[in-house]
2 protein chains.
Amino acid sequence: MNPAAAPAHTRAAVLSIGDELVRGQMLDTNSKWLSSRLLDLGVETVEHATIGDSREATTAAITRLAALAPLVVITGGLGPTADDLTREGLADAIGESLVVDAPALEDLRAKFAKRGRTMSPMQARQAERPASARCLTNPSGTAPGLAGVVRAGGPHGASDVWCLPGPPKELEPMFERLLAEDLRPPRGLTTRVRLLTVAGLGEGDAAKRAGELMARDRNPLVGITASNAVLTWRVMYRGPLPPAEADAEIERTVAALKAATGPHVISDRGEPLEHVALAALRSASRTLAVVESCTGGLLGSIVTGVAGSSDVFLGGLLTYSNELKTALAGVDAALIARHGAVSLDVAGAMAAGGLSRLGTSDCLAITGIAGPGGGTESKPVGTVSIAHARRDGERVEVDARTFWMPGGREQVRAYAARTALGLLALRQINSERPGPMLFESVR
Amino acid sequence: MNPAAAPAHTRAAVLSIGDELVRGQMLDTNSKWLSSRLLDLGVETVEHATIGDSREATTAAITRLAALAPLVVITGGLGPTADDLTREGLADAIGESLVVDAPALEDLRAKFAKRGRTMSPMQARQAERPASARCLTNPSGTAPGLAGVVRAGGPHGASDVWCLPGPPKELEPMFERLLAEDLRPPRGLTTRVRLLTVAGLGEGDAAKRAGELMARDRNPLVGITASNAVLTWRVMYRGPLPPAEADAEIERTVAALKAATGPHVISDRGEPLEHVALAALRSASRTLAVVESCTGGLLGSIVTGVAGSSDVFLGGLLTYSNELKTALAGVDAALIARHGAVSLDVAGAMAAGGLSRLGTSDCLAITGIAGPGGGTESKPVGTVSIAHARRDGERVEVDARTFWMPGGREQVRAYAARTALGLLALRQINSERPGPMLFESVR
């Protein structure tokens, strides 16, 4: 590639290739990952497309997308088998034949030798490339990537077409190490994105508080997305200001959003809720346990999904049956009989029991009716009681609340686990009991 | 729509609309869900496309996809706000104006009244439709769907364009209740799909055992996908045979695959591993507990994700710290000191401790090094010990194994939880200790 002749990457298109994707047998996560990373680096994606393992469809899609955008990033179809046809499709779109790339072939041979295997002729296909394209080394797998230039008649002239392997753990390091620095975001156009994490607040309520900050013609533009009871504000500046001034614009909008949504903003760097909650506890030298009923381990799983969580999270109890609520967490059986397993009292007793039996400074407990069965008129499916017990010296404080959560079993469980973490994070960060939270039943 | 004039749905295209999707802020799961359901019903999807919230891009994409396929299913962009432009895009593609659908407007008004709210003029936009299109009732949300016909000049003549709301819990019931029965799979072409669930076997090994059964020109065509250490064989017949004969062809291929992969096939109806494991225990009146270290609740969460799991799954212990392995599961501290927390001995003691303390007939235990930290030369990141303890009368049998699992933290944890379930399911279904499993370290 000759940077002098190459057009700016004013926009990008992403193409995923695979029968298993287009037929719905496997979920494509690469397009989301790539377009998110491209935007971070200043290049906006305008289309994702997914097609099956077909040489003709590949050629047609590359040609169409190259006319649409000066950068096309392709994933999949680079393997050794007969249905891997991205190399051929790119060659046809460029109008060239495939040639063998000698260094790539040598690299492949060495990879097989290292595993004590001989490279088959089928495997050797992976070292082929269109004559004018270059091979991209794959440090985590076998198939090399490809970078070529397609002249498809778009207003931008030529398009860069980058082909990467389908497995995310191969694609992601290749993008970061080999391609990110070759990106040419449009000159004179600055893109800056900031994310804020918001806990305990609904999308409608947040939008109402933000008011004119969310106007569609505003720059920075403010967007909002809700995922599992956690909101993310997205603040994006895209315009002619130099980077430092764009950052200052972003800061002003961020400050206005924080003023509008108050204590609910738990991270102004878009950190996930579980990271924020763990960091808040860690910096106060506190420790966490969980006692889970309807979530059955989901809360513990989210917390321990964070690398390095073991200095804060010590363990938990999955008290799915009522007998185990008593045997493991010491909940009085009479309390369960009197109030029901899904109640403020039982949630509070579970949290206090976990705190005492596991010896932590904080304990979250969840008990609820995730459905589809088990609901009653007074406690329908979606009724969830959540408690946070915390110890300060000799004093134990228990904050128990009941929520009515919408959706089916999976959604109720996901909301419940995040709401428990939100309760903890808001209490720890703001040093006071959080006000009413999203889905909370205030009776 | 006039069925007599309408062409068969020989193929389909799926279009997702939303800035948050194309910019990579949110993952699109609708395209996968829709194309999987369409294939079940005999219609093959040939392309997914995702675009942003733009009237022009929507019109262009509808026109292009309608020329490509006689059925286009769209999700997103049907809400009330200024960036919801699917209605306008469809009207432009048909070449019509928007009109207000009186019954849909009345339905909307009633929905708001029920919640004690007044419908705003902005909300009322949701009752608009292109003049020749019809509105589709949305039982789970506010925005109605749309069904229209676009004549875009494809070889099939006119195309049905179905627009559904973006939230999966609104889209999925609408598709099932309103649209599935309107599908017209190609006449004279029978499509039959069967899935087999395979535990404890790697993709390469399975493909080798299947041999010629996986030839690309075979019909039924056999495909394989791996997800979190569980394989799925997909057997698809597509051809001129009448349905009963196609089913018989599928059965023959399924029998051959079962013969080739032996006891590893745990479901010949594609049921997920966790469903199979729970059903196998349930039918033998057995009960399950878990003791988790590195997975921190993931195994319990997967098991309790299944509705009705409470008659089999009683609870568990999250023994993330070594102290809690001893305090909660009764693992001898000296055993941990001697063999390390990640060892056959400790995994076995965790499983036996859980069995005894939670009083179940079966207990699965997992202890491992999920990374990124904590690895050593002899026990690198990905080393996981898994044990299954089962009680038969007075006898307790413990099957403990060590695995070396590839990938990062999330992958290792996901593999570990599924491998534990696979160990249990294979043991219960085949009534004998499973042979060496995928990733098992046989030393």
Side-chain angles (χ1 to χ4, degrees), chain A residues 19-20 22-29 31-36 39 44-52 82-83 169 216 223 225 227 234 290 292 295-301 303-305 307-308 310 313-321 324 328 358 371-373 407-411 413, chain B residues 19-20 22-29 31-36 39 44-52 57 82-83 169 216 223 225 227 234 290 292 295-301 303-305 307-308 310 313-321 324 328 358 371-373 407-410 413:
Chain A
D19 281 348
E20 75 284 7
V22 80
R23 288 181 186 156
Q25 202 186 351
M26 183 170 274
L27 183 65
D28 170 35
T29 57
S31 301
K32 173 191 186 294
W33 187 87
L34 281 169
S35 46
S36 170
L39 189 60
E44 192 166 359
T45 301
V46 295
E47 182 169 334
H48 305 168
T50 304
I51 56 171
D83 56 357
K169 67 185 177 202
R216 290 283 293 174
T225 41
S227 174
R234 175 172 210 125
V290 297
E292 305 187 51
T295 45
L298 179 60
L299 175 57
S301 172
V303 170
T304 57
S310 61
F313 182 77
L314 302 189
L317 304 170
L318 310 182
T319 57
Y320 212 55
S321 71
L324 288 181
L328 297 180
L358 277 71
R409 181 179 185 84
E410 194 185 335
Q411 190 67 75
R413 284 162 38 100
Chain B
D19 281 349
E20 74 284 7
V22 80
R23 288 181 186 156
Q25 201 185 352
M26 184 170 273
L27 183 65
D28 170 34
T29 57
S31 302
K32 172 190 186 295
W33 187 86
L34 281 168
S35 46
S36 170
L39 189 59
E44 192 166 0
T45 301
V46 295
E47 182 170 334
H48 305 168
T50 305
I51 57 171
D83 56 357
K169 66 185 179 201
R216 293 282 293 173
T225 41
S227 175
R234 172 169 214 129
V290 299
E292 304 187 52
T295 44
L298 178 60
L299 175 56
S301 172
V303 170
T304 58
S310 61
F313 181 77
L314 302 189
L317 305 170
L318 310 183
T319 58
Y320 212 54
S321 71
L324 288 181
L328 297 180
L358 277 72
R409 181 179 185 85
E410 196 184 333
R413 286 162 37 100

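Computed over heavy atoms, backbone and side chain alike; hydrogens, waters and symmetry mates excluded. Letters go in sequence order (proteins before strands), and every chain restarts at 1.
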Notebook entry, point to check: With respect to chain B, which residue among A:Ser321, A:Ala49, A:Gly305, A:Gly52 yields the maximal number of heavy-atom pairs within a distance under 4.5 Å?
Noted result: A:Gly305
Margin query: Need one label for A:Val46: side chain, backbone, both or neither, based on atoms under 4.5 Å from any heavy atom in chain B.
Written below: backbone
Checklist line | Pairs of heavy atoms under 4.5 Å with chain B: top-ranked of A:Glu292, A:Met26, A:Arg413 | finding: A:Arg413
Checklist line | Test side chain to side chain contact (heavy atoms under 4.5 Å, CB included) applied to A:Thr50 and B:Thr45, step by step | finding: CA-CA 10 Å; A:Thr50 304; B:Thr45 301; over 6 Å; no
Check: Tell me, side chain or backbone of B:Leu298 under 4.5 Å from chain A's heavy atoms, or both, or neither?
Finding: both
Check: Tell me, side chain or backbone of A:Arg409 under 4.5 Å from chain B's heavy atoms, or both, or neither?
Finding: side chain
Margin query: Quick check on side chain to side chain contact (heavy atoms under 4.5 Å, CB included): which of B:Leu27, B:Thr29, B:Asp28 does A:Thr29 satisfy it with?
Written below: B:Leu27
Note to self: If you count heavy-atom pairs within less than 4.5 Å of chain B, which of A:Gly373, A:Gly371, A:Gly297 leads?
What the structure shows: A:Gly297
Check: Using non-hydrogen atoms only, which part of B:Thr295 is less than 4.5 Å away from chain A: side chain, backbone, both, or neither?
Finding: backbone
Next item on the list: Name the region of A:Leu34, side chain, backbone, both or neither, that has any atom closer than 4.5 Å to a heavy atom of chain B.
Entry: neither
Next item on the list: Under 4.5 Å heavy-atom distance to chain B, tell me which part of A:Asp19 shows up: side chain, backbone, both or neither.
Entry: side chain
Checklist line | For chain B, the option from A:Leu39, A:Leu314, A:Ile51 that forms the most heavy-atom pairs under 4.5 Å | finding: A:Leu314
Check: A:Glu20, A:Arg234, A:Glu44, A:Lys169: which one forms the most heavy-atom pairs within less than 4.5 Å of chain B?
Finding: A:Arg234
Checklist line | Choice from A:Gln25, A:Gln411, A:Glu410 maximising heavy atom contacts with chain B below 4.5 Å | finding: A:Gln25
Item checked: chain B contact via A:Val303 - side chain, backbone, both or neither, heavy atoms under 4.5 Å -> neither
